[in-house]
Student: 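Attaching a single structure in structure tokens format; questions to follow.
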Amino acid sequence: MDVTASGLYRPPSLLPIARHRESLLYLVETFPVTIIVGQTGSGKTTQIPQYLDQAGWCADGKAIAITQPRRVAATTVAARVAEEMRCQLGQDVGYSIRFEDATSSATRIKFMTDGLLLREALVDPLLSRYSVIMVRRSSFKTSLLMKQVDEAHERSLSSDVLLGLLKKIQKKRPDLRIIVSSATIQAEDFLRFFAADENGEISDSIGCILSIDGRMYPVDIHYLKEPAEDYVERAVKTVLDIHTKEPDGDILVFLTGREEIERTVALITERAAALPPQPTSLQPLPLYAGLPTDQQMYVFEPAADGVRKVVVATNIAEASVTIDGIAYVIDCGFVKLRAYNPVTGIETLTATPVSQASATQRAGRAGRTKPGKCYRLYTEAAFASFAASTVPEIQRANLAPTILQLKALGIDNVARFAYLTPPPAELVTRALELLYALGALDDYAKLTRPQGLRMAELAVEPMMAKVLLCAASFGCVSEALSIAAMTSLGGAVWFEHEGMKKAGEGARRKFAAEEGDHLTLLNVYLAFVGRGKKEAKWCKDHYLNYKSMVRAVSIRNQLKRYLERFSINVEESLAEKQGGPERSEALRRCLVAGFFAHAARMQPDGSFKAVNGTVLHAHPSSLMFNRKADWVVFHEITETGNKTFIRDITKVEKKWLLEAAPQYYNTK
DNA sequence: CGCCGCGGT
């Protein structure tokens, strides 16, 4: 959300990009690909689309697409450009993000998320309505930091896939212009990526790099002389040291997760109270994505006079969110990262040392408005041992959704797709196997029609997409839609708060279904949309996250529209038999049709055993955490620390599993 | 018995 950078509010003619207007237009005219290097505040995102529009790139009804990594970036930048062009947002300038389309037939400049542009490519494979596509990959130029020349760079799965797709489209559309804004270090790589043909030969007529200058304040880096034994302790101590010895300025502490953050906030409060009287007081504030929005807002409010703010945050503060007034950064040197094990199919979420690029980006948070200081809770030798940059998502994620998407985009040979960095073969193989078992791919690994194509179009992961497509045959489309929408929220259904856990669990019991979490989620959804209850207060009283519930309604509507387009009868509900055993069985059989690969059996000790022998535990947030069951299917599997948890669990019968996927269970 | 880093369709 770097859109609030000071540069944006400078008159456009004074922005650094203004001096490069003519050369930029020349390059875009001459080369199919232009790589722009320049940092936040250079004005490239707001000005370049306007230059292109003025230069005639929107003639003949064509439009310019600009992708952003975040929804909030797409909407705010679009609003800014509309204001500069003195037009109403949604007319000449608009944006399009999931659930919100602020564009019209008059729209020439369109901001959007990269994931949404990929979806458009399913319908319009050559993206023919665009004359220019500008892809923003957040980049951070930090070469003014002491002793460092380094850059960080967000690499989401969708933006990696988009760039590969654009390269493919360009071969068929020489008229298309591609602009990529990138970090200096990657600029050459991008150019080579687009210029290389299938044999690796580089063409020099494909593209060019344009650099725009920008600046940042210096940040002093301080390392530990000896490694810290407990970085939470050390972070608290550093906060107090800064507070008692350093001039005014707020503090930002990077830690890895909720529990650590809450503990640190409590420790700071406790220790600060024990200090001798200080001229200013300390106000520690937690910040992580799971925190309710109203509590997140506190960190953006300027501290009162005589108060020094200490924001204790996860990686959310590294690039997603910008807090003004930070003069000191404390970096624990770790981040929680997801990884996917293709052999076991289990995702892990573990604290891992950050990359040098990431550490640099964290330090840079102290130098946004004036010179700052960064205290690294590790040694300089440790920093030197960190990887240069974080392993891109495409090399560590479950690729089933991505591979399905590529197939639907007409890329049959996923092994030969132009990846920026190719994923490990095992990840691709595992994804292909699952998609085959779900019937999305045939014996020749070709997308099945209509089933595979429809699964790709539905905005849920392949297993849940299969559930939705099977629901009609079980007579539970309406219920499956609600469950799909609720599981899409990814655990954000319940409003968690320190000290109210007991009460929250009591509230949860009101919705509990004997059969497990999916039916419970359905009960929650039905209660929310039930007469007169679709309101924030009702949610609060029942310990539900209102924002998430509203989102579930949107997701369900969108999924429903897709099913209607597939001519699936959505009204087919078992509502009249509500609560009856037939409804419950139909629904659970339907879940099995998609989630047969996520089956496990409860052991006498209450743990579960997967079909491949892995020992699993019901996540404490699950109803099955302390209930008896035999066979179950589950939505998600994650390993944290040294335990493997399953979440969103529902009781099923073994024979349903065998019926749903006989070949899958025979080969195991 | 004891817990999800951050995004996106």
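Only heavy atoms go into these numbers, but all of them, side chains included; no hydrogens, no water, no symmetry mates. Lettering follows sequence order; numbering is per chain, from 1.
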Student: May I ask you to verify if any side-chain N or O of A/Thr314 is less than 4.0 angstrom from the OP1 or OP2 atom of B/dC6?
Tutor: yes
Student: When the distance from CD of A/Glu347 to P of B/dC6 is rounded to whole Å, what number comes out?
Tutor: 15 Å
Student: Would you mind classifying the nucleic acid contact of A/Ser158 as base, sugar-phosphate or nothing, using non-hydrogen atoms under 4.0 angstrom?
Tutor: nothing
Student: Rounded off to whole Å, could you give me the CZ-to-P distance for the A/Arg71 and B/dG7 pair?
Tutor: 12 Å
Student: Could you check how far CD of A/Gln405 sits from C1' of B/dG8, rounded to whole Å?
Tutor: 10 Å
Student: Are A/Phe386 and A/Ser355 side-chain neighbours, meaning at least one heavy-atom pair lies under 4.5 Å?
Tutor: no
Student: Give a yes or no on whether a donor-acceptor pair under 3.5 Å exists between the nucleobase atoms of B/dC4, that is its base, and the side chain of A/Arg647.
Tutor: yes
Student: Once you apply a heavy-atom cut-off of 4.0 Å, does A/Leu349 come out as touching a base, just sugar-phosphate, or nothing?
Tutor: base
Student: I'd like to know whether the aromatic ring centres of A/Phe334 and A/Tyr231 sit less than 6.0 Å apart in this structure.
Tutor: yes
Student: Considering just the side-chain nitrogens and oxygens of A/Lys336, establish if one lies under 4.0 Å of OP1 or OP2 belonging to B/dC6.
Tutor: no
Student: Take A/Glu100 and A/Thr75 through the test side chain to side chain donor-acceptor pair (under 3.5 Å) and record every step on the way to the result.
Tutor: CA-CA 10 Å; A/Glu100 264 181 82; A/Thr75 55; over 6 Å; no
Student: For A/Asn315 and B/dG7, give me the distance from atom CG to atom C1', rounded to whole Å.
Tutor: 11 Å
Student: Please tell me whether A/His635 and A/Phe595 form a close aromatic pair, meaning their ring centres lie under 6.0 Å apart.
Tutor: yes
Student: Of all the choices, B/dT9, B/dC3, B/dG7, which nucleotide is nearest to the side chain of A/Arg119 once you look at every atom?
Tutor: B/dT9
Student: With nearest nucleotide decided by heavy atoms, which residue, A/Tyr288 or A/Ile97, maps closer to the 5′ end of DNA chain B?
Tutor: A/Tyr288
Student: Do A/Val460 and A/Leu468 come within less than 4.5 Å of each other through their side chains, counting heavy atoms only?
Tutor: yes
Student: Can you find a side-chain donor-acceptor pair between A/Gln558 and A/Arg98 that sits under 3.5 Å?
Tutor: yes
Student: Hey, does A/Gly606 reach any base, or is it just sugar-phosphate, or nothing, if we go heavy atoms under 4.0 Å?
Tutor: nothing
Student: Quick one: A/Leu404 CG to B/dG8 P, roughly how many Å, whole number?
Tutor: 21 Å
Student: Counting any heavy atom closer than 4.0 Å, what does A/Arg338 reach on the DNA or RNA strands: base, sugar-phosphate only, or nothing?
Tutor: base
Student: Choosing from B/dG7, B/dT9, B/dC3, which nucleotide comes nearest the side chain of A/Ala459?
Tutor: B/dT9
Student: The side chain of A/Ile316 is closest to which nucleotide in this list: B/dC4, B/dT9, B/dG7?
Tutor: B/dG7
Student: Hey, is the side chain of A/Thr640 poking within less than 4.0 Å of OP1 or OP2 on B/dC3, counting only N and O atoms?
Tutor: no
Student: Distance check needed: B/dT9 P versus A/Leu118 CG, whole Å only.
Tutor: 11 Å
Student: Quick one: is B/dG2 close enough that its OP1 or OP2 comes under 4.0 Å of any side-chain N or O from A/His619?
Tutor: no
Student: In whole angstrom, give the distance that lies between atom CG of A/Leu337 and atom P of B/dC4.
Tutor: 15 Å
Student: Roughly how many Å is it from CD in A/Gln68 to C1' in B/dG8, rounded to a whole number?
Tutor: 14 Å
